[in-house]
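A short write-up of the structure that comes next.
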Amino acid sequence: MRALVLTPDNRIFLVRHSYVPGWHMPGGGVEAGETLEEALAKELGEEGNITLTGQVVLLGVYLNRRASARDHVAVYVVRNFDQSAPHVPDREIVETGFFPLDALPEGTTQATRRRIGEALHSMAITQEW
C-alpha cells in the first residue's frame, strides 16, 4: 500500500529508503489481520510522523509484476492529516520531504510520477504498477 500525501497547496510527501534507490510515496506491507487503512495509518506514522485526520480516497489497485505475479499495491490519496514533527532519519527512511509537484526531487520513481499524473492531471488510471 502507498499514499499520495498532499498539502492544500499540492506539495507531495516523499521518502527515500536506505535499501532501494529513488524517491517514493510512503507505504508498506499489510500485516495479517490488518486492514489497508490501518496499515496506511501505521506506515504514515512510522515514515513521516503523519496522523490521518479525516477520510482517505482509494486512487486504485495496481498489479506489481516486478515483485511477483500476485503482488498488488493499493494507492490512497491523503489530504487530511497532521505532521507532528519532521521524520528523523533512521535505518529504513534516510530522507523525507514535501515537494512541489513541479519540482520533484531527482530520482523520483516513474511509478510515483505516474500515480501523481493519475490523481492530479487526469491521466488514465492503469492497472499495472
Side-chain angles (χ1 to χ4, degrees):
M1 160 278 317
R2 298 276 181 181
L4 270 167
V5 180
L6 297 163
T7 64
D9 62 346
N10 278 339
R11 293 178 349 122
I12 185 169
F13 180 75
L14 298 176
V15 301
R16 194 168 62 79
H17 298 273
S18 61
Y19 53 87
V20 59
W23 286 88
H24 303 262
M25 294 174 285
V30 180
E31 300 297 328
E34 189 174 51
T35 69
L36 285 168
E37 289 189 25
E38 288 169 342
L40 175 71
K42 177 186 72 182
E43 293 293 336
L44 290 177
E46 291 174 358
E47 296 185 3
N49 295 321
I50 291 172
T51 303
L52 298 174
T53 61
Q55 293 290 329
V56 297
V57 176
L58 179 64
L59 176 64
V61 179
Y62 305 86
L63 174 61
N64 183 4
R65 292 181 196 272
R66 287 175 290 194
S68 82
R70 51 189 235 174
D71 182 54
H72 287 82
V73 181
V75 177
Y76 287 90
V77 177
V78 175
R79 289 191 176 271
N80 302 300
F81 67 93
D82 287 324
Q83 185 182 42
S84 59
H87 177 77
V88 175
D90 57 32
R91 289 180 324 160
E92 179 185 1
I93 305 297
V94 296
E95 197 172 0
T96 67
F98 285 92
F99 300 94
L101 295 174
D102 61 355
L104 296 175
E106 186 176 329
T108 299
T109 66
Q110 285 304 109
T112 298
R113 290 177 183 277
R114 180 75 188 177
R115 302 300 82 84
I116 292 168
E118 292 170 354
L120 301 174
H121 303 301
S122 302
M123 288 177 65
I125 295 177
T126 62
Q127 294 184 4
E128 299 209 21
W129 191 248

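FYI, side chains are in, hydrogens and waters are out, and symmetry mates aren't considered; it's all heavy atoms of this structure. One-based numbering along the sequence shown.
Between the side chain of Thr108 and the backbone N or O of Trp23, no donor-acceptor pair lies under 3.5 Å. In this structure, the side chain of Asn64 does not engage the main chain of Trp129 through any donor-acceptor pair within 3.5 Å. In this structure, Arg2 contributes its side chain and Met25 its backbone to a donor-acceptor pair below 3.5 Å. Within the 3.5 Å criterion, the main-chain N or O of Thr35 finds a donor-acceptor partner in the side chain of Glu38. Although no hydrogens or angles enter the test, the distance criterion places a donor-acceptor pair under 3.5 Å between the side chain of Thr53 and the main chain of Asn80. Put simply, the side chain of Glu92 never gets that close to the backbone of His17: no donor and acceptor are under 3.5 Å apart.
Rounded to the nearest 0.5 angstrom, Arg114 CZ and Glu118 CD are separated by 5.0 Å. The line from NE2 of His72 to CG of Leu36 is 12.0 Å long, rounded to the nearest 0.5 Å. Going from atom CG of Leu52 over to atom CZ of Phe81 covers 9.5 Å, rounded to the nearest 0.5 Å. Summarising the geometry, atom OH belonging to Tyr62 is positioned 5.0 Å from atom CD1 belonging to Ile125; distances are rounded to the nearest 0.5 Å.
Using a 3.5 Å distance cut-off with no hydrogens or angles, the side chains of Tyr76 and Gln55 do not pair a donor with an acceptor. Between Glu47 and Thr96, the side chains place no donor N or O within less than 3.5 Å of an acceptor N or O (distance only, hydrogens not considered). No hydrogens or angles considered: a donor-acceptor pair under 3.5 Å links the side chains of Arg115 and Thr126.
For the pair Leu58 and Ala74, the tightest heavy-atom approach, listed with the atom from each and the gap, is CD1-CB, 4.1 Å. Closest approach of Gly29 to Ala39, counting heavy atoms only: O-CB, 4.0 Å.
Tracing side-chain contacts under 4.5 Å through hydrophobic residues (I, L, V, M, F, W, Y), one reaches Met1 starting from Val15; they form part of the same cluster. Hydrophobic clustering, with ILVMFWY side chains joined whenever heavy atoms are under 4.5 angstrom apart, groups Val77 together with Val75. Note on Val78 and Val30: same hydrophobic cluster, where clusters join Ile, Leu, Val, Met, Phe, Trp and Tyr whose side-chain heavy atoms are under 4.5 Å apart, directly or indirectly. The cluster map of Ile, Leu, Val, Met, Phe, Trp and Tyr, joined by side-chain heavy atoms under 4.5 Å apart, puts Val56 and Val5 in the same cluster. When hydrophobic clusters are built by joining Ile, Leu, Val, Met, Phe, Trp and Tyr residues whose side-chain heavy atoms come closer than 4.5 Å, directly or via intermediates, Leu104 is grouped together with Leu4.
The closest side-chain heavy-atom distance from Pro105 to Leu14 is below 4.5 Å.
In this structure, Phe13 and Phe98 have tilted ring planes: the angle between them lies in the 30° to 60° band.
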| task | Go through the steps to decide whether Leu44 and Asn49 satisfy the test side-chain contact (heavy atoms from CB on, under 4.5 Å), and finish with yes or no. | result | CA-CA 6 Å; Leu44 290 177; Asn49 295 321; over 6 Å; no
| task | Mind running side-chain contact (heavy atoms from CB on, under 4.5 Å) on Arg11 and Leu101 for me, showing each step along the way? | result | CA-CA 6 Å; Arg11 293 178 349 122; Leu101 295 174; over 6 Å; no
| said: Working note: Ile12 + Thr7, criterion side-chain contact (heavy atoms from CB on, under 4.5 Å); need CA distance, chi angles, decisive distance, verdict. | reply: CA-CA 7 Å; Ile12 185 169; Thr7 64; over 6 Å; no
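Checked for salt-bridge contact, Glu34 and Lys42 meet the test: a charged N lies under 4.0 Å from a carboxylate O.
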